[in-house]
Structures are given as structure tokens and as C-alpha cells.
Amino acid sequence: MSTTEHFEQRRQLSDIQSQISKLTARFSRGSGPSPCDVLVRSVMCKVLATLHKSTPIAVAEQLFPYQRDIAQAIRTPGSVLKAVAPAMTTVAGWASELVTPTVLGVLPIIAPRSAYSQLSQLPATIRADLAGHGSVKVPTRAPSPTLAPPFVGEGQPIPIRQAAVANTALTRRKAAVISEFTGEMLNRSAVDIEQLIRDVMAFDASAAIDGVLLGSSAATAIAPAGILNGVTASAPTAGGSLAALAGDVRILAAAIEATGPLIAPTLIMSSTSALIVLLSLTGGIVLSVQDDGPQLAIVAAPSVPSKRLIMIDAASFASGEGDAPDFMTTTEALLHEDTAPLPIGTPGGVPGTDPNIVAAPARSLFQTNAIAVRMLTDCGWTMTRAGRVAFIDSVTW
């Protein structure tokens, strides 16, 4: 072999090694499926395994042979959840749960466009890890009265005022959502089934969680309070157009500022209202006077009534989730299809006199060739201070 040929081979080998290095770097940067993709595909494998009398792992090996994350998610759904960086507190039961590496939570992954997911992921909100905790105490400080001037004479004591520090309990609740599919809906290609499961589960989870979050019900032993609990609607600005929108924002901000400075103003509105706002204003989803100036975030969700505008101080919103979501599929259950489900059968009060109570409408999955996916997860939210939410109904713009 001549010197020239030897040099050419070495150059080609070097080029191949360079390409391999580039590919390795690309894959190491996380070019694989997103957490949502992994979670949805793991559920899809469970659905197909139930339909075809197989195992989810066998389905995953057939459909996604090079994606080990999916098999791991089938075994342990919590493995999909990402951890975020901690702060610096160590007191257990007080605030350490706020600063340990906190999981992202299954709801922001499976239903990222829900009002809950968008609100809980804003930088100003408080996130807690509820795994292994019945509740977490979230510390908060009430607005301080006017302090004395900070300037002091030489050798004079520095004025100080006792801070009004309190805490609010962020309690873990069990959230459960069931999505139904007919056999005909699932008689599609794998790609279509994946998108169908993604869309249906996102819609069902969003409707279920946001229905409670954006409501006005008080907290119970099984559900957190809606953020509008105890809040009276403010009057809308008349006249329509952009001026009415500006007037509504001013009214809501003033209502919240009555209980202290507005730190992280966030508007929650319907998707239609958000479209109107974005067509009227420039700057995208986050509007800012200057790069480091005050920002107004907009949370748009289809679960918000079309003529309702909500403002919340996101700095007073705390939320958290557990790290062990559970997904189960079945074709053999009997379901009461109602937003307030009852036991399938309840005995009457007096035998022979009071009739038995039968829940209706009910669906037999086996009889109707359908399959159900049940999601269980722990989550919770709370407002750390009162008076940090205001809303208007029947906006004119």
C-alpha cells in the first residue's frame, strides 16, 4: 500500500469517527422522545396488550424496540417525571418538601395545555413534592406595614419590625380520571392510536382538574378548593374593544392590590378570549414593558367560560404532585357514566318496601366492545394568601 493510499484511509477513518462523535453528541443532548411521548406510548402499549391478550412489555418491544424508556415507564410510570433543582431549606414537615428535588408531575406531562398545568409551571408559583407526604406546610409572609426609614445615626439602634409569618397547608388529594375508547376507535395504525390516546387523555384530564381548580367550591376532605372560592365577581368595563380590556385588567389588579402588592399578575381566560387578545396586542403570550420589567402572563384554557376573565397573583399559588402515577386498562368493567358517579347498585332502605337504587346510565365495556384507561395520581393546590384572586364575568370585549 502506497503512502498516499494509507493517508487516504486514515483520513476516511477520521471522517467516520467524526460523524460518530456528532451522532453521539446529538443523542446525548436528548433528541429522543419527550416525557409526554414516553408516557402516552407506555399507555398505548397497555391498551394494545389488553386488546390482543399480550403483555405491555411485549408490545413495547415490537413497536418501539430501541426506546428503553417506554418499557421502564410501563414498569414504573413515575420514571418519566423529571426533577427540578432544589433551594436551601432542611426542616422536615415545614419547608424541606419545597426544596428537595421536585418531580414535574404527570398532569403537566399528560395535559400540558390545561389551566392547572400552565399555572403550576409559571416561574413565580410554588411547587412542592407531595410524594410520601399527606400535606406540606407552605410558609408565607403577610404584607408588612410601612417600615421606619432605614437611615440611622452613628451608634444608634437599627429600626426593625416583627415580620408576620404564617403557613398554609398544601394537602395531597387523590385525582382519578377514566377515559373510554371503543374497539372501532382503536382499529387504526399505531401512530393514529398514539395520537388518539394523547388527545383523549389530555382532554379528560384537563376537564376534570380544571373544573375543580377554576371553580368556587370550598375545600373538602377529598378535593382542594377552587381558586374562586369566596371571591365576588367585579363589574366589567363597558364599551368593548381594547379599552374595555385595559379597564378590566386595571379593575382586577386593583382588587388584588387591596390585600398587598401584586407580584406576579397572571390572566386566566378562555382560548377564544386569548386569541382576541393576541390579535389585538403584540408581544406573544408574555407581555412585557421591557426585558427586565413587569410581566403579565396569560393562561389560555378551553375550560374557562368564554366571557370570564380571572387574574391571580401567581406568587401566592402553591401546587404539588406525587411521583407514582398509576395507569390501568380493562375491557371487563361496568362503569356509571356520570360526573357524580354512584355505586352500581345500592340496597333500598326497607327490604320489600324501598326499591334498590341502580346507577344509570351504565356501560359494560365487554358488552359494548370498549376499553377504559384509568389514571390515578396525587396532586393538590392552595392559595398561600387570601385576596390574591379576582375575576370578571360578562366581559364586553
Side-chain angles (χ1 to χ4, degrees), residues 93 97-98 105 107 111 114-120 122 124-128 130 133-143 164-177 204-235 251-252 255-260 262 264-270 299 301-305 307-322 338-343 376-394:
E97 292 82 2
L98 302 179
L107 293 174
S114 67
Y116 169 82
S117 298
Q118 296 181 65
L119 183 59
S120 65
L122 291 176
T125 62
I126 302 169
R127 285 289 283 174
L130 297 179
H133 305 283
S135 66
V136 172
K137 294 179 181 178
V138 183
T140 182
R141 179 181 179 182
V165 179
N167 70 84
T168 303
L170 174 59
T171 305
R172 183 181 66 185
R173 306 296 188 192
K174 182 179 75 173
V177 180
D204 290 348
S206 297
I209 297 297
D210 287 356
V212 179
L213 172 72
L214 303 178
S216 57
S217 298
T220 67
I222 62 174
I227 60 174
L228 300 184
N229 177 244
V231 182
T232 302
S234 301
I251 290 172
L252 295 177
I256 295 177
E257 287 178 332
T259 61
L262 184 55
T266 301
L267 291 178
I268 305 176
M269 62 184 70
S270 70
V299 171
S303 49
V304 183
K307 290 293 184 178
R308 172 170 291 178
L309 181 64
I310 304 171
M311 179 178 284
I312 182 172
D313 186 354
S316 296
F317 180 78
S319 64
E321 296 178 50
D338 196 284
T339 55
L342 301 172
L376 300 178
T377 188
D378 293 326
C379 73
W381 61 77
T382 188
M383 296 299 300
T384 60
R385 288 171 51 194
R388 310 309 291 167
V389 181
F391 76 101
I392 291 175
D393 274 334
S394 303

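When reading the values below, keep in mind they use all heavy atoms of this one structure, side chains included, and skip hydrogens, waters and symmetry mates.
With hydrogens and angles disregarded, a donor-acceptor distance shorter than 3.5 Å links the side chain of Thr384 to the backbone of Ser316. Under a 3.5 Å cut-off, the side chain of Asn229 and the backbone N or O of Ser216 do form a donor-acceptor pair. No donor-acceptor distance shorter than 3.5 angstrom exists from the side chain of Thr125 to the backbone of Ala318, with no hydrogens or angles considered.
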- [ ] Would you check, one step at a time, whether the test side chain to side chain contact (heavy atoms under 4.5 Å, CB included) holds for Leu119 with Phe317?
- [x] CA-CA 8 Å; Leu119 183 59; Phe317 180 78; 3.9 Å; yes
Open item on the list: Between Leu228 and Val389, is the side chain to side chain contact (heavy atoms under 4.5 Å, CB included) condition met? List the steps.
Closed with: CA-CA 7 Å; Leu228 300 184; Val389 181; 3.8 Å; yes
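The pair Glu321-Arg127 meets the salt-bridge criterion, with a side-chain N (NZ, NE, NH1 or NH2) lying under 4.0 Å from an Asp/Glu carboxylate O.
Of all the heavy atoms in Ser270 and Pro305, the pair that sits closest is CB-O, 3.8 Å. When all heavy atoms of Ala264 and Asp313 are compared, the pair lying nearest together is N-OD1, 2.9 Å. Of all heavy-atom pairs between Arg172 and Leu130, the closest is NH1-O, 3.6 Å. Across every non-hydrogen atom of Arg308 and Asp393, the tightest pair is NE-OD1, 2.7 Å. The shortest heavy-atom contact between Ile310 and Leu252 is C-CD1, 4.4 Å. Of all heavy-atom pairs spanning Ala128 and Leu170, the tightest one is CB-CD2, 3.7 Å.
Between Leu214 and Val304 the shortest side-chain heavy-atom distance falls below 4.5 Å. Under the 4.5 Å side-chain criterion, counting only non-hydrogen atoms from C-beta, Thr171 is not in contact with Thr382. Inter-residue side-chain proximity for Ile209 and Ser114 is flagged as unmet; no heavy-atom pair is nearer than 4.5 Å. With contacts defined as side-chain heavy-atom distances shorter than 4.5 Å, the pair Phe391/Met311 does not qualify. Side-chain contact between Asn167 and Val138 is absent, with no heavy-atom pair separated by less than 4.5 Å. Side-chain contact between Thr168 and Met383 is absent, with no heavy atoms from C-beta onward closer than 4.5 Å.
Of the inter-residue distances, the one linking Ser117 atom OG with Leu122 atom CG reads 11.0 Å to the nearest 0.5 angstrom. To the nearest 0.5 Å, the span separating OG on Ser234 from CD1 on Ile256 amounts to 9.0 Å. A distance of 9.0 Å separates CD1 in Ile268 from CD in Gln118, rounded to the nearest 0.5 Å.
Ring pair Trp381/Tyr116 is tilted by interplanar angle, where 30° to 60° counts as tilted.
Residues Arg388 and Thr259 bring a donor and an acceptor atom of their side chains to less than 3.5 Å of each other.
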